[in-house]
Amino acid sequence: MRGCAEKTPRDIIEDPSRGMEGANFYVAPIYGVFYDAETGEQRKVIIGQHNYCDATTIEELVDALGWFTELRFALKVSYDDLGTAIEWPPEASLFGRDATSAFLYHDEGGEKGEHIFPGNNELRWFVLESLVETLGQHAPGLHYSMGGGKDLLLEGLTPLDTFPVDKLYEGRPVDAG
């Protein structure tokens, strides 16, 4: 029987009870943050879980978020005076995807859900906010950048399209609907 450190994420998801003797086993929720297109009301849903032994990394949590959402993150993570620096590469879903495609998820009760992003604004806010919620306390001082440390620019994102590299990410503005 394999120990916890020898298990792959898929093994643990399929059968979390196998091979856990002597290991510290933890579960990190993977969040999806949705906004009602009409009211702007936020709905945070646990769309999956990341099971791990002893410790996890930001990269593992990001991979789990990508697996559950089928979105491409491919982030570069580093640390600086502000805290956790996330650099978005050009191939990330944040910069382009068919925003009208359906997003399937399972809520905390195991019920299947479907969300269709009516446009790129909604998809981009979903990506930014879901990452922040999923990383939680694992990524203090989270701030975004792109292209080798430049400010993150998401042309057309309203009401805010630029996220300065030297400022902490403060979340979606209330009037971003």
Side-chain angles (χ1 to χ4, degrees), residues 8-10 12-13 28-35 37 42-52 55-106 113-173 176-177:
T8 66
R10 170 70 74 201
I12 296 172
I13 288 170
I30 304 300
Y31 290 103
V33 180
F34 301 92
Y35 289 90
Q42 182 190 72
R43 185 169 55 100
K44 182 169 52 171
V45 176
I46 296 174
I47 57 173
Q49 66 184 32
H50 169 62
N51 302 309
Y52 62 98
T56 191
T57 65
I58 290 174
E59 291 83 0
E60 289 172 337
L61 291 168
V62 170
D63 286 347
L65 180 59
W67 189 81
F68 284 108
T69 62
E70 298 182 6
L71 295 171
R72 182 164 171 76
F73 287 85
L75 306 172
K76 179 180 173 190
V77 179
S78 60
Y79 304 92
D80 58 23
D81 292 341
L82 284 176
T84 308
I86 302 288
E87 184 176 323
W88 291 92
E91 64 271 15
S93 294
L94 185 65
F95 294 109
R97 179 175 182 220
D98 180 7
T100 59
S101 62
F103 172 79
L104 300 174
Y105 64 94
H106 290 84
E114 179 180 49
H115 184 80
I116 298 175
F117 296 103
N120 276 336
N121 256 3
E122 291 77 7
L123 175 65
R124 288 172 165 181
W125 284 119
F126 173 84
V127 168
L128 293 170
E129 294 290 290
S130 296
L131 181 65
V132 168
E133 288 297 326
T134 295
L135 296 182
Q137 76 274 9
H138 298 281
L142 186 77
H143 54 288
Y144 292 139
S145 70
M146 62 185 271
K150 297 180 199 163
D151 292 347
L152 175 61
L153 174 62
L154 299 172
E155 291 182 30
L157 186 64
T158 59
L160 177 67
D161 69 357
T162 303
F163 302 89
V165 67
D166 61 347
K167 299 218 186 289
L168 298 179
Y169 178 72
E170 296 179 1
R172 181 178 189 254

With side-chain contact (heavy atoms from CB on, under 4.5 Å) as the criterion, how do F95 and L154 come out once you've worked through the C-alpha distance, each side chain's angles and the decisive distance to 0.1 Å? CA-CA 7 Å; F95 294 109; L154 299 172; 3.5 Å; yes

Shortest non-hydrogen contact from [X] toward [Y]:
X: D80; Y: A85; result: OD2-CB, 3.9 Å
X: P140; Y: Q137; result: CD-O, 3.7 Å
X: P173; Y: L160; result: CG-CD2, 4.1 Å
X: V33; Y: S130; result: N-OG, 2.9 Å
X: L82; Y: V165; result: CD1-O, 3.8 Å
X: Y79; Y: T84; result: CE2-OG1, 3.7 Å

Quick one: pull up [atom1] in [X] and [atom2] in [Y] and give me the separation to the nearest 0.5 Å.
X: R124; Y: E129; atom1: CZ; atom2: CD; answer: 14.5 Å
X: H50; Y: F68; atom1: NE2; atom2: CZ; answer: 10.0 Å
X: R72; Y: S93; atom1: CZ; atom2: OG; answer: 8.0 Å
X: L75; Y: L131; atom1: CG; atom2: CG; answer: 6.0 Å
X: M146; Y: K76; atom1: CE; atom2: NZ; answer: 14.0 Å

Just say parallel, tilted or perpendicular for the rings of W88 and Y144, cut-offs at 30° and 60°.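 Correct class here is perpendicular.
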
Does a side-chain heavy-atom distance below 4.5 Å link [X] with [Y]?
X: V127; Y: T69; answer: no
X: V77; Y: I86; answer: yes
X: L71; Y: L65; answer: no
X: F163; Y: L128; answer: yes
X: R172; Y: Q42; answer: no

With no hydrogens and no angle check, do the side chains of T56 and H138 hold a donor and an acceptor under 3.5 Å apart?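 Distance-only check fails for T56 and H138.
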
Got more than 12 heavy atoms from elsewhere within 6.0 Å of CD, E91?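 Yes.
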
Donor-acceptor pair, T134 side chain versus Y31 backbone, under 3.5 Å?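 Present.
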
Can L94 and L152 be said to form a side-chain contact (heavy atoms from CB on, under 4.5 Å), step by step? CA-CA 11 Å; L94 185 65; L152 175 61; 4.2 Å; yes

D161 vs L153, test: side-chain contact (heavy atoms from CB on, under 4.5 Å). Steps then yes/no. CA-CA 6 Å; D161 69 357; L153 174 62; 4.0 Å; yes

Trace of the side-chain contact (heavy atoms from CB on, under 4.5 Å) decision for W125 with L157: CA-CA 9 Å; W125 284 119; L157 186 64; 3.3 Å; yes

